[in-house]
Every structure is written in C-alpha cells, then in structure tokens.
> 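First, the structure itself, so that you have it in front of you.
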Number of protein chains: 2
Amino acid sequence: MKKTILVFTLLIVSLYIIFRISKYSLILGGTSMEFVITIIAIVFFIVGIYINKKSLHKPQNISKDINHKKIKALEITSREYEVLQAISKGLSNKEIAEKLFLSESTIKTHVSNLLVKLNAKRRTQAVQIAKDHKIL
Amino acid sequence: MKKTILVFTLLIVSLYIIFRISKYSLILGGTSMEFVITIIAIVFFIVGIYINKKSLHKPQNISKDINHKKIKALEITSREYEVLQAISKGLSNKEIAEKLFLSESTIKTHVSNLLVKLNAKRRTQAVQIAKDHKIL
DNA sequence: AGATGTTTGGTACTTTAGTATGAGGCCGAT
DNA sequence: ATCGGCCTCATACTAAAGTACCAAACATCT
C-alpha cells in the first residue's frame with residue numbers, strides 16, 4: 001500500500017517535470033518534439049508494466065494470508081496443524097511420530113481430531129479440503 | 001505471439017498519430033501542451049499494464065502442458081491416471097470403484113501399480129510426488 | 001485453587017489400504 | 001494366429017489408518 005502511494009507520487013512529480021522540460025525545450029526552440037513524446041511514452045509504458053507486476057504478484061501471497069484465519073475458525077490447534085502439514089507431504093503416522101518425537105498413538109489422536117474438524121473421512125480428503133480452504 | 005506483434009504495431013502507429021496530433025495542435029496554436037502529454041502518459045500506462053498482464057498469465061498455463069510428457073515418461077496408463085486423480089480428490093478405493101463402475105479389487109491393482117511407478121509408499125505420498133512432477 | 005483447553009499416550013477394535021499372485025478378456029502389432 | 005500390454009477381477013494376506021474411550025500432565029485464565 002505504501003509503495004503504491006509512493007509510485008503514484010513519483011508519477012505525478014515526473015509528469016510535472018516533463019511539463020517543465022517540454023516547455024523549456026520549446027522556448028529554447030527546436031529540440032525535437034518527437035523525442036520528448038517518445039521519452040514520455042517509454043517511461044509510462046515501463047511504469048505501467050511495473051505497477052501491474054506488483055498487483056499480479058499479490059494473489060500468490062494472499063493465499064498465505066488467508067489460512068491463519070481459517071485455521072482458527074476451524075479450531076485447528078498448532079500441533080494438529082503440524083500433523084496436517086506432515087500428512088500433506090505424504091508421511092505415514094509412524095513417520096510423523098518420529099519426526100515430531102511423539103508416539104504413533106498421539107498422531108492418531110491428532111489425525112482423528114483433524115478429520116472431525118475438517119469434516120473429512122480420510123487423510124487424503126483432509127488434505128484436499130485443507131487446500132480448498134487455503135490453509136495448506 | 002501474433003498478438004504481441006499486433007500490439008506493438010498498434011503502439012508504433014499510435015506514436016505516429018500522436019506526433020501528428022501534437023504538431024497539428026501546436027500549429028493551430030495554444031491547445032495545451034499538458035493535455036497532449038497527459039493523454040500520452042495515460043495511453044502508454046494502460047498499454048504497459050495490458051502487455052504485462054498477458055505475459056504474466058502464461059505461467060499458469062505452462063503447468064498444464066508439462067504433465068502429459070511426464071505421465072508417459074512414468075509409464076502411467078490412462079486408467080491409472082484416472083485413479084490417481086480420484087485419489088487426489090480424497091476418495092477411498094471403494095468410492096473410486098463406484099465412480100468408475102469397477103470393482104474395488106481393480107482399483108487396488110491400479111493403486112498398487114501407481115505406487116510403484118511413482119515410487120511412493122502411500123497414496124498420500126503419491127499425490128505429493130505427482131504434484132511435484134506437475135501431473136496433477 | 002479450580003475450570004478449561006491442549007498435548008500426550010494407551011488399549012481395543014473396525015475399517016481401509018496395500019501386497020502378492022493368479023487368471024481371463026481385449027486389442028493392436030508381428 | 002500368437003505375443004505383449006492393458007484392463008479387469010478375485011483370493012488371501014499384512015500393514016496401516018481410523019474410531020472410541022479413557023486418562024494424566026501441563027499451561028492459562030479467572
């Protein structure tokens with residue numbers, strides 16, 4: 001947001017500068033009109049591309065923002081979320097247990113709770129639902 | 001590619017038109033210089049945004065092209081691929097069987113073959129590996 | 001201190017998933 | 001027509017996954 005304001009401020013300022021330059025060059029006579037126009041065209045062309053790149057990169061980042069709210073809304077605890085991430089990586093309960101230094105029983109408990117909270121019947125479905133909610 | 005050429009052609013033509021208009025208005029006297037410059041700025045600003053949007057939309061489509069080659073490289077048959085897609089949607093073997101009008105035994109065979117071809121130990125891992133290969 | 005919620009773990013059980021093996025039918029290439 | 005690859009299905013297993021229920025340890029908030 002702050003960057004957008006900054007960019008537009010620069011745009012206005014540059015417009016003002018161009019006005020001055022163009023008038024100055026006209027008064028001094030002869031400095032080609034085409035040159036000034038071409039410069040303006042190129043500058044704003046580049047600025048247009050730059051602005052657009054920023055706005056189109058956002059969607060990729062937004063997905064990282066949405067999740068936290070949903071996770072809380074679904075009442076998924078931090079430990080459960082860790083397990084969910086491990087599941088999405090294709091790990092078995094035993095592997096998850098080893099990774100988190102827990103017993104397989106604990107993982108099963110977490111998985112069971114996850115399935116209820118995500119309204120899923122299987123871990124594969126849980127992953128799919130989680131991705132739909134953009135929490136993965 | 002053809003569109004890009006067309007757009008740039010239009011750009012060059014519009015630049016030429018602007019040259020004419022600016023000179024014409026200056027000869028006729030007084031028509032404000034600032035107005036012409038602002039128009040130029042806006043036009044090229046918009047064109048810049050348009051061009052960039054086209055080029056940034058491509059990456060989303062590329063991912064759809066990669067898969068077919070990989071699927072063949074991994075020797076995954078069409079039926080197996082159907083099963084793989086169903087797995088990624090979180091369906092159980094029984095559900096997949098009903099969806100494809102097959103017996104659960106057949107699905108199990110397909111899944112087993114898939115796991116070997118994808119070098120996975122579990123269906124969840126298969127999904128993950130498949131997405132890494134961008135065949136899902 | 002007591003209530004609450006998270007994390008951890010266990011037992012016992014049912015249900016899926018996955019493996020191994022065999023086999024019949026189908027289709028395209030040789 | 002025979003061969004190979006694919007699809008189909010079955011049986012008999014073993015191994016995971018998942019459910020239900022319980023319970024202790026812990027932190028936090030009141």
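All chains are named by letter (A, B, ...) in the order of the sequence lines, taking the proteins before the strands, and each is independently numbered beginning at 1. This one's a predicted model, so the numbers in the text were calculated from it and none came from an experiment.
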> I need the single residue from A/Q85, A/H110, A/K117 that forms a side chain to side chain donor-acceptor pair (under 3.5 Å) with A/E80. Which is it?
A/K117
> To check you understand the geometry: which heavy-atom pair defines the closest contact between A/R79 and A/E82, and what is its length?
NH1-OE2, 2.9 Å
> Nearest 0.5 Å please: distance from the CZ atom of B/R123 over to the OG atom of B/S92.
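B/R123 atom CZ to B/S92 atom OG measures 7.0 Å (nearest 0.5 Å).
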> Can a side-chain donor-acceptor contact be found between A/T109 and A/T106 if the only test is distance below 3.5 angstrom?
no
> Classify A/S112 by what it touches in the nucleic acid, base, sugar-phosphate, or nothing, heavy-atom distance under 4.0 Å.
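Here A/S112 touches the bases of the nucleic acid.
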> If you look at every strand shown and take non-hydrogen atoms under 4.0 Å, does B/S105 touch a base, only sugar-phosphate, or nothing?
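Base contact.
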> Could you check whether A/E95 pairs with A/K89 (Lys NZ or Arg NE/NH1/NH2 to Asp/Glu carboxylate O, under 4.0 Å)?
no
> Identify the heavy atoms of A/I135 and A/Y81 that sit nearest to each other, and give their distance.
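Closest pair (atom of A/I135, atom of A/Y81, distance): O-OH, 2.7 Å.
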> Along DNA chain D, 5' to 3', what are the outermost nucleotides having an atom less than 4.0 Å from a heavy atom of chain A?
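The contacted stretch runs from D/dA17 to D/dT19.
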> Under 3.5 Å, is there a donor-acceptor pair between the side chain of B/R122 and the main chain of A/G90?
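Yes, B/R122 side chain to A/G90 backbone: donor-acceptor pair under 3.5 Å.
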> Could you list where the contact with chain B starts and ends along DNA chain C, reading 5' to 3', using a 4.0 Å heavy-atom cut-off?
C/dA17 to C/dT19
> Closest nucleotide of DNA chain D for B/R122 versus for B/S103: which of these residues is on the 5' side?
B/S103
> Only counting residues at least two apart or in another chain, list the ones meeting salt bridge (charged side-chain N to carboxylate O under 4.0 Å, His left out) with A/E98.
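A/E98 satisfies salt bridge (charged side-chain N to carboxylate O under 4.0 Å, His left out) with no other residue.
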> For B/T124 and A/I87, which heavy atoms make the closest approach, and how far apart are they?
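Shortest heavy-atom contact: CB-O, 4.0 Å.
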> For DNA chain D, whose closest nucleotide is more 5', that of A/L115 or that of B/E75?
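Nearest nucleotide further toward 5': that of B/E75.
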> Heavy atom of residues 79-96 of chain B under 4.0 Å from DNA chain C: which residues?
B/S92, B/N93
> Using a 4.0 Å heavy-atom cut-off, does B/S78 contact any base of the nucleic acid, only the sugar-phosphate backbone, or nothing at all?
sugar-phosphate
> Work out how much the helix from C/dA1-D/dT30 to C/dG24-D/dC7 bends between its end axes, five pairs an end, to the nearest 10 degrees.
50°
> Hey, which of these two, A/L100 or B/R123, hits DNA chain C nearer its 5' end, going by closest nucleotide?
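The residue mapped nearer the 5' terminus is A/L100.
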> Is it the case that atom NZ in B/K131 sees more than 12 heavy atoms from other parts of the structure closer than 6.0 Å?
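Yes, enclosed.
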> Counting C-beta onward and ignoring hydrogens, is there a side-chain heavy-atom pair between A/I96 and A/L100 closer than 4.5 Å?
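SC-SC contact between A/I96 and A/L100 confirmed.
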> Assign B/T106 to base, sugar-phosphate, or nothing according to its heavy-atom contacts below 4.0 angstrom with the strands shown.
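Base contact - B/T106 has a heavy atom under 4.0 Å of at least one base atom.
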> To check you understand the geometry: which heavy-atom pair defines the closest contact between B/V127 and B/S88, and what is its length?
CG2-CA, 3.8 Å
> Just jot down the salt bridge (charged side-chain N to carboxylate O under 4.0 Å, His left out) partners of A/K108, sequence neighbours excluded, or say none.
none
